[in-house]
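Reviewing the structure listed below.
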Protein chains: 2
Amino acid sequence: MLQHTVQTCIHSDTQLKYLLQLADNALILSHRNSQWCGHGPILEQDIALTNIALDQLGQARNLYQYAALLLTEKTGITTTEDQLAYLRDTGEFKNCLLAELPNGDWGQTVMRNFLISSYQFFLYQELQYSNDGQLKAIADKSIKEITYHVRWSADWVVRLGDGTAESHARMVQALELLWAYTGEMLEPCDYELPFIAKQSSFIKAAWEAKIAAVLAEANLIHPTNDWMQSGGKKGIHTEHFGYLLAEMQFLQRAYPGLEW
Amino acid sequence: MLQHTVQTCIHSDTQLKYLLQLADNALILSHRNSQWCGHGPILEQDIALTNIALDQLGQARNLYQYAALLLTEKTGITTTEDQLAYLRDTGEFKNCLLAELPNGDWGQTVMRNFLISSYQFFLYQELQYSNDGQLKAIADKSIKEITYHVRWSADWVVRLGDGTAESHARMVQALELLWAYTGEMLEPCDYELPFIAKQSSFIKAAWEAKIAAVLAEANLIHPTNDWMQSGGKKGIHTEHFGYLLAEMQFLQRAYPGLEW
């Protein structure tokens with residue numbers, strides 16, 4: 001596990017928690033998407049989703065590297081991106097529950113990507129104006145990729161939502177399952193407020209407008225339930241998350257310090 | 001991971017490999033059975049299978065403790081049962097492939113238990129005559145439990161095989177799936193020969209007679225295919241096994257040396 005001093009430093013530092021939350025969302029969504037590798041419905045889309053997973057992994061790496069640098073400076077203990085990804089346990093991960101849910105079918109997977117990527121699109125647009133130069137640079141780089149992720153996933157939501165009776169029914173089911181997990185992304189928690197308080201209502205409104213437009217085009221009825229799940233940002237995760245970490249972290253846990 | 005010296009000692013010691021193979025079979029079957037805990041078809045049987053898993057875990061512990069004692073004496077490095085269960089990687093585990101396959105449905109689970117427990121029954125009867133006093137004592141203790149495991153699983157094979165059309169069809173499917181994994185149990189590999197060479201043909205014949213009798217009672221046609229999977233005894237496992245270990249070993253990997 002992470003050194004106690006490093007854990008304590010993260011716990012008391014709003015900026016680090018904020019960076020890790022951004023990184024964890026990117027990593028966990030990337031990991032779920034990577035589970036489709038070799039299992040996609042058609043070759044081209046298998047590769048498309050694998051590429052998206054790689055983009056998200058790259059975004060996670062940039063954010064972990066930045067957090068690791070800050071941690072090393074603050075604690076004097078050399079900390080690496082790998083340690084942050086592989087040596088934290090469930091309670092220390094800050095990703096939204098939406099990112100960690102199992103993939104389900106292809107429809108559920110593209111719907112999840114659409115809901116999260118759309119949020120990231122408006123969020124990273126705001127982060128491009130961050131007065132943290134490093135975060136701004138990461139946002140500049142990421143936004144191009146995320147723009148494509150939104151377009152790709154929205155296309156799929158429309159294609160399946162407005163497709164056959166079977167594909168439509170599956171998208172209705174996917175939306176119903178995932179909807180209650182969307183609220184957590186949109187409500188800033190304590191450590192997010194210093195960085196995003198002013199922009200959060202704009203991000204929320206922009207996200208809602210985008211979702212409404214695409215769902216309408218996809219012939220999907222916009223959900224009306226507004227009771228929302230939460231917990232991930234505070235380290236309280238679903239039962240699926242421990243299994244995800246056990247698998248994802250196995251190599252570094254079994255062979256500490258392993259390198260290519 | 002295990003200390004290199006300990007690994008080398010295991011690798012060159014027939015007795016240790018034999019003990020670990022017995023222990024690994026008990027542990028991995030126990031772990032699979034434990035995954036049913038809380039998911040059994042009816043409460044009483046949920047508890048029955050959980051108890052069987054606990055029996056098998058106890059057998060594994062006795063064997064690991066004995067192996068750990070021998071290792072500590074031979075290498076001078078203190079080795080514990082937990083290290084043997086939790087700090088070896090896939091290639092070092094010697095259990096038969098049959099023990100590590102996913103549970104499938106209840107029918108597949110009871111069929112697997114019947115196939116393995118019946119083998120263990122005749123094997124441990126022979127081990128009761130071992131000239132290794134410690135192994136003899138473990139066999140004496142285990143045989144009572146295994147006798148019950150055979151009876152319980154055989155009852156279920158008959159009940160479902162000779163049950164409804166649906167339950168019969170499922171047992172046919174389970175037997176077809178599992179059959180090709182039974183041969184590995186019955187063919188002694190190099191490190192087993194010094195301990196069981198003379199008895200192995202008797203064990204095989206006794207197992208075959210038992211299986212044939214119960215399948216006949218269960219109205220299930222005895223499989224005729226004799227092409228057999230193998231590899232587990234040599235550390236070459238199915239794709240399922242890495243996931244099983246990742247989950248089973250997570251705590252000791254994440255929190256090395258953790259104790260209750």
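Every chain is numbered from 1 and lettered A, B, ... according to where its sequence line falls, protein lines coming before strand lines.
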Checklist entry - Do other residues, nucleotides or ligands put more than 12 heavy atoms under 6.0 Å from the OH atom of Tyr86(B)? => result no
Checklist entry - If you draw a 6.0 Å radius around CZ in Arg88(A), do more than 12 non-hydrogen atoms from other residues or ligands fall strictly inside? => result yes
Checklist outcome for this item: Turns out that what part of Gln249(B) lies under 4.5 Å from chain A's heavy atoms comes down to side chain
Next on the checklist: What part of Tyr243(A) gets within 4.5 angstrom of chain B, counting heavy atoms only: side chain, backbone, both, or neither?
Outcome noted: side chain
Checklist entry - If you count the non-hydrogen atoms of other residues, nucleotides and ligands that lie under 6.0 Å from CD in Gln229(B), is the total more than 12? => result yes
Next on the checklist: Please check if the number of heavy atoms outside Phe250(B) that lie under 6.0 Å from its CZ is greater than 12.
Outcome noted: yes
Checklist outcome for this item: Between the CZ atom in Arg253(A) and the OH atom in Tyr255(B), the distance rounded to the nearest 0.5 Å is 6.5 Å
